[in-house]
Amino acid sequence: MNVEELMQRAISLADPYKYKTKPNPVVGCLILKNDLIISEGVHEEFGSDHAEVNAIKNAKLKMGSIFDSSKDLTLICTLEPCNHEGKTGACTEAIIKSGIKKVIVGCMDPNPLVSGKGIERLIKNGIDVDVGFCEEAIQEQNKFFFYKHQNKKPFITLKIASSKDGKSHNQDGSRTWITCEESRQDVQLVRALHDAIMTGGNTVLNDNPLMNARVGFPVNQPKKILLTSKEGLNNNFFKDAEVMTIRERNIHVIIEDLKHLDINSILVEAGPKLANSFLLSGLVDELIIYESPDNLGPNGVSWFEEDKAVENLGFKLESSYKIESDVKKIYKKC
């Protein structure tokens with residue numbers, strides 16, 4: 001296999017762990033001897049050993065004492081090895097101590113405080129480093145991580161469920177499921193990808209939602225953020241999670257404060273008032289609409305005013321596909 005094919009393998013190895021490593025990036029790593037893969041490693045969950053460390057450990061288990069005397073090993077990793085100590089030690093230190101003399105890096109770390117420093121340290125310690133393979137695929141795999149560091153704010157997704165005639169709920173407050181069960185299951189996957197879920201006090205009070213990621217695999221549950229002026233709320237939203245309650249009314253100020261936290265992505269799930277506040281703020285990066293084939297009629301509450309159609313708010317339809325009876329539409333900010 002050539003370098004691009006090997007890097008694609010490392011990307012594929014890492015992908016299943018994207019729900020557990022967040023808000024850290026997901027990373028895959030290979031170790032080669034004489035162009036043959038002898039070891040693989042991934043970053044499996046937040047706070048655990050990184051991919052490079054796991055690959056080195058696996059290589060030592062396979063090769064035993066031969067590993068320490070082997071001088072023809074190449075390490076391939078999707079993202080630049082870290083050069084700082086946090087919950088785990090620096091990956092650069094592990095690579096230097098291993099005696100590996102060739103490192104191939106898919107993409108540099110986007111964090112300007114980190115970017116290039118890991119590569120620089122490896123080179124200073126006599127390691128041959130090549131950089132820049134399958135970068136677009138690696139950036140897409142870690143799109144929230146890259147976006148946060150490149151744009152200095154979390155990636156914000158707004159998700160709504162709409163009737164065919166663009167309504168959110170009944171005016172009389174009576175509850176009704178807008179979308180089908182399969183769409184509601186798809187929402188769980190969207191939640192599982194995000195670092196935080198944000199909603200408003202009216203939604204918590206009226207709908208009593210759990211708003212966690214109910215999926216059949218391990219996941220770092222998203223943090224919960226509640227925007228409200230209401231006091232004394234103690235609903236399902238507060239179960240099994242630490243909730244950050246924010247009283248501030250200015251959305252720009254809220255996001256400015258949140259950008260300093262370990263949150264790369266926020267999923268906003270709220271009613272029309274808060275949803276439109278976010279859309280009009282210009283802070284939303286992606287809009288997901290689950291659209292039912294049924295109408296709510298004149299007694300329904302509209303998601304958007306006629307002159308505030310999605311396209312008029314600076315969004316372009318990127319994809320649209322069926323989920324059973326519903327249609328899932330994904331709009332990206334132009």
Side-chain angles (χ1 to χ4, degrees), residues 1-18 21-46 48-60 67 70-150 264:
M1 290 192 286
N2 59 34
V3 174
E4 283 78 12
E5 290 172 328
L6 289 164
M7 194 64 69
Q8 285 290 351
R9 178 174 177 81
I11 292 169
S12 298
L13 283 171
D15 204 60
Y17 297 91
K18 61 191 174 186
T21 60
K22 62 189 182 89
N24 278 356
V26 64
V27 180
C29 182
L30 311 174
I31 295 179
L32 278 63
K33 181 177 172 63
N34 299 326
D35 297 326
L36 295 176
I37 298 171
I38 61 166
S39 177
E40 299 173 336
V42 297
H43 180 36
E44 296 182 3
E45 63 178 310
F46 181 73
S48 69
D49 285 338
H50 289 184
E52 300 92 324
V53 172
N54 284 330
I56 291 169
K57 285 181 176 178
N58 291 337
K60 287 182 176 180
F67 180 89
S70 184
K71 302 299 181 186
D72 53 354
L73 299 179
T74 297
L75 183 143
I76 295 178
C77 53
T78 56
L79 197 64
E80 178 180 2
C82 66
N83 190 41
H84 60 280
E85 291 198 12
K87 292 182 178 294
T88 61
C91 291
T92 51
E93 185 66 24
I95 295 170
I96 292 164
K97 286 182 176 178
S98 75
I100 291 170
K101 293 302 181 185
K102 172 77 175 178
V103 173
I104 299 173
V105 176
C107 195
M108 290 177 66
D109 193 308
N111 185 345
L113 298 175
V114 176
S115 185
K117 291 182 172 60
I119 292 167
E120 182 182 1
R121 187 175 180 202
L122 293 176
I123 293 172
K124 282 184 176 179
N125 281 271
I127 296 174
D128 181 18
V129 181
D130 283 345
V131 186
F133 302 90
C134 305
E135 291 179 281
E136 287 187 10
I138 294 163
Q139 291 172 12
E140 178 60 27
Q141 187 176 52
N142 292 292
K143 73 173 186 177
F144 296 148
F145 179 76
F146 275 83
Y147 181 94
K148 167 76 176 286
H149 290 296
Q150 291 168 347
N264 297 327

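Computed from a prediction, not measured in an experiment: that's the story for all the values here. Just so it is clear, the values below take in all heavy atoms, side chains as well, and ignore hydrogens, waters and symmetry mates. The chain is numbered in sequence order, starting from 1.
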Quiz item: So, does E5 use its side chain to make a donor-acceptor pair with the main chain of N2 at under 3.5 Å?
Solution: yes
Quiz item: Distance from L73 atom CG to I95 atom CD1, nearest 0.5 Å?
Solution: 12.0 Å
Self-check item: R121/E93 ion pair, N-O < 4.0 Å
Solution: yes
Exercise. List the atom of V42, the atom of G28, and the distance in Å for their closest heavy-atom pair.
Key: CG1-CA, 4.2 Å
Quiz item: Which value, rounded to the nearest 0.5 Å, describes the distance between F146 atom CZ and I138 atom CD1?
Solution: 7.0 Å
Practice problem: Under the side-chain hydrogen bond (donor to acceptor under 3.5 Å, both in side chains) rule, what do N58 and E40 come out as? Steps first, then yes or no, please. | Solution: CA-CA 7 Å; N58 291 337; E40 299 173 336; over 6 Å; no
Quiz item: Rounded to the nearest 0.5 Å, what separation is found between the SG atom of C91 and the CG atom of D49?
Solution: 8.0 Å
Quiz prompt | Rounded distance [0.5 Å steps], CD1 in I11 versus CD in Q141 | solution = 6.0 Å
Quiz item: How far apart are the closest heavy atoms of S39 and A59, and which atoms are they?
Solution: OG-N, 3.2 Å
Practice problem: With rounding to the nearest 0.5 Å, note down the distance linking CE in M108 to CD1 in I119. | Solution: 4.5 Å
Quiz item: In Å and rounded to the nearest 0.5 Å, what is the CG to CG distance from N264 to N142?
Solution: 9.5 Å
Exercise. Taking the side chain as every heavy atom from C-beta outward, state whether T92 and E52 have any pair of such atoms under 4.5 Å apart.
Key: no
Quiz item: Are K101 and D128 ion-paired here, with the side-chain N under 4.0 Å from a carboxylate O?
Solution: no
Self-check item: Main-chain N/O of V105 paired with E80 side-chain donor or acceptor, under 3.5 Å
Solution: no
Exercise. Would you indicate whether the side-chain heavy atoms of I100 and I127 approach each other to under 4.5 Å?
Key: no
Quiz item: Minimum heavy-atom separation for C29 to A10, with atom names?
Solution: N-CB, 4.2 Å
Practice problem: Identify the two heavy atoms, one from S48 and one from H43, that lie closest to each other, and give their separation to 0.1 Å. | Solution: O-CE1, 3.4 Å
